[in-house]
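For reference, the structure is listed below as structure tokens.
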Amino acid sequence: MTFIKFTAETRSSGVDLPSGTRIRKGAFDAIRDMANKAGNIVPPETANKVKSISANGGTPLVVAVDNEIKGVIELQDIIKPGIHERFERLRKMGVKTVMVTGDNPLTAKYIANVAGVDDFIAEAKPEDKMNYIRKEQASGKLVAMMGDGTNDAPALAQADVGVAMNSGTQAAKEAGNMVDLDNDPTKLIEVVEIGKQLLITRGTLTTFSIANDVAKYFAIVPALFIASIPALQSMNIMNLKSPESAILSAVIFNAIIIPLLIPLALKGVQYRPIGASALLRRNLLIYGLGGVIVPFIGIKGIDMLIGLFF
């Protein structure tokens, strides 16, 4: 017999037997059109069964023999436990999740509701997936695409980040930027979290460093030039002992604070799935304000300690 492969255009597959019998299975509309063109009617019970399966989240595959519909095969997708909670984490990160599938709208809607995705596109062809990504990119958004089939390859190549499943086809793996060895469609959470953690850590260290330098120089500059510019006395809020002790205190403080920041730089700042504005306020409050306060306390404490010996 001759095997007829599935394609996104025909949305069906099947076999041609040596006797001339043609067996096809596929999407309801594809098999229905095939039967109608041959002059065969679609049994009402078949159409009702297709709606019933779709409404229950299943995928109906209609079977036809010699262009005459014979029955329906029901497939059920197994939704991984905890998938709803993981999509909720993505939502808190500000990531919109869209399920793009070739299934009919009823099945897609059911699965989208159970899984907890934000939106879905049903009966999508390869060009539909790619065009949707282009539309989102044109509006200024970064798009990540996860897929496993040959039909996903154009979209994976078009996306800013393409993640192919390890169980997917070779075409999908070659089109993507990376391959998920665990075949987990929510692995994007880890990808986003690592990226955000790197950015947050860099921003945190920069914020603390700038605030620390500003506070440090504001603390020691009045003490350095107070002898030549008496007007700076009002700015000498720390009342450091002398210009010499001010410089020495600042040097010792730097020698202490820089090694203390190394573990933070290596470990990274823990990322929490909150909005960007809330995250910015939190980091400014902790590291920005901390970068201002810590030098005043540290330099003053060291200056007082130095004053005991000089």
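- The cluster map of Ile, Leu, Val, Met, Phe, Trp and Tyr, joined by side-chain heavy atoms under 4.5 Å apart, puts Y110 and V98 in different clusters.
- Between P18 and M1 the shortest side-chain heavy-atom distance falls below 4.5 Å.
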Before you tell me yes or no, could you show the steps for I121 and D128 under side chain to side chain contact (heavy atoms under 4.5 Å, CB included), namely the whole-Å CA-CA distance, both residues' side-chain angles and the distance that decides it to 0.1 Å? CA-CA 9 Å; I121 300 174; D128 297 329; 5.6 Å; no
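- With N113 contributing its side chain and K109 its backbone, the two residues share a donor-acceptor pair below 3.5 Å.
- The main-chain N or O of I299 is never found under 3.5 Å from a side-chain atom of D303 such that the two would form a donor-acceptor pair.
- At least one donor-acceptor pair under 3.5 Å links the side chain of R91 to the backbone N or O of G116.
- The closest side-chain heavy-atom distance from V143 to Y132 is not below 4.5 Å.
- To the nearest 0.5 Å, atom CE of residue M34 and atom OG1 of residue T10 are 7.5 Å apart.
- Under a 3.5 Å cut-off, the side chain of T169 and the backbone N or O of T150 do form a donor-acceptor pair.
- At least one donor-acceptor pair under 3.5 Å links the side chain of D66 to the backbone N or O of R22.
- Between the side chain of R11 and the backbone N or O of G102, at least one donor-acceptor pair lies under 3.5 Å.
- If you take CD1 on I83 and CD on E85, they are separated by 9.5 Å, rounding to the nearest 0.5 Å.
- In this structure, the separation between OG1 on T59 and CG on D103 is 3.5 Å, given to the nearest 0.5 Å.
- N254 places no side-chain N or O within donor-acceptor distance of the main-chain N or O of V251, the cut-off being under 3.5 Å.
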Show the numbers, then the answer: is there a side chain to side chain contact (heavy atoms under 4.5 Å, CB included) between N40 and I69? CA-CA 8 Å; N40 296 320; I69 294 177; over 6 Å; no
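- One finds a salt bridge joining D16 and R24 here, because a Lys/Arg side-chain nitrogen approaches an Asp/Glu carboxylate oxygen to under 4.0 Å.
- Taken from CG in D33 to CG in N36, the straight-line distance is 6.5 Å, to the nearest 0.5 Å.
- M99 and M130 are assigned to two separate hydrophobic clusters, defined by single-linkage of ILVMFWY side chains at heavy-atom distances under 4.5 Å.
- Taking 4.5 Å as the limit, some side-chain heavy atom of I257 sits within range of a side-chain heavy atom of V294.
- Using a 4.5 Å heavy-atom threshold, the side chains of K129 and Q158 count as separate.
- No donor-acceptor pair under 3.5 Å is formed between the side chain of N212 and the backbone N or O of F208.
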For I133 and E136: C-alpha separation, side-chain torsions, deciding distance, then whether side chain to side chain contact (heavy atoms under 4.5 Å, CB included) applies. CA-CA 5 Å; I133 292 176; E136 294 294 329; 5.8 Å; no
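- Side chain to side chain, S13 and K25 meet the donor-acceptor criterion of an N or O pair below 3.5 Å.
- With hydrogens and angles left out, the side-chain atoms of T201 and T204 include no donor and acceptor closer than 3.5 Å.
- Under the 4.5 Å side-chain heavy-atom criterion for grouping Ile, Leu, Val, Met, Phe, Trp and Tyr, I256 is connected to I306 within one hydrophobic cluster.
- Judged by distance alone, the side chain of K173 and the main-chain N or O of N166 form a donor-acceptor pair under 3.5 Å.
- Put simply, F28 and L106 are part of two different groups of oily side chains (I, L, V, M, F, W, Y) that touch within less than 4.5 Å, one to the next.
- A salt bridge links E68 with K70: the distance from a Lys NZ or Arg NE/NH1/NH2 to an Asp or Glu carboxylate oxygen falls below 4.0 Å.
- A pairwise comparison of heavy atoms in A112 and F120 identifies CB-CD2, 3.8 Å as the closest pair.
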Test side chain to side chain contact (heavy atoms under 4.5 Å, CB included) on I73 and V63; report intermediate values, then the result. CA-CA 7 Å; I73 298 172; V63 180; 3.7 Å; yes
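- If you check the side chains of N104 and T107, you find a donor sitting under 3.5 Å from an acceptor.
- Contact annotation: the side chain of M178 approaches that of V161 to within less than 4.5 Å [non-hydrogen atoms, C-beta and beyond].
- Electrostatic pairing of K141 and D160 does not count as a salt bridge here, judged by no charged N lying under 4.0 Å from a carboxylate O.
- With a 4.5 Å cut-off on side-chain heavy atoms, L264 and Y287 count as touching.
- Taken from CG in L61 to CD1 in I31, the straight-line distance is 9.0 Å, to the nearest 0.5 Å.
- Taking the side chain as every heavy atom from C-beta outward, I4 and V15 never approach each other to under 4.5 Å.
- Side-chain heavy atoms closer than 4.5 Å link hydrophobic residues (I, L, V, M, F, W, Y) into clusters, and following such links, possibly through other members, connects L248 to F253.
- Using a 4.5 Å heavy-atom threshold, the side chains of V72 and T46 count as touching.
- Taking every heavy atom of both residues into account, A108 and A122 meet most closely at CB-CB, 3.8 Å.
- In this structure a side-chain-to-backbone donor-acceptor pair under 3.5 Å is missing from N56 to S52.
- Taking CG of L289 as the start and OG1 of T207 as the end, the distance is 12.0 Å to the nearest 0.5 Å.
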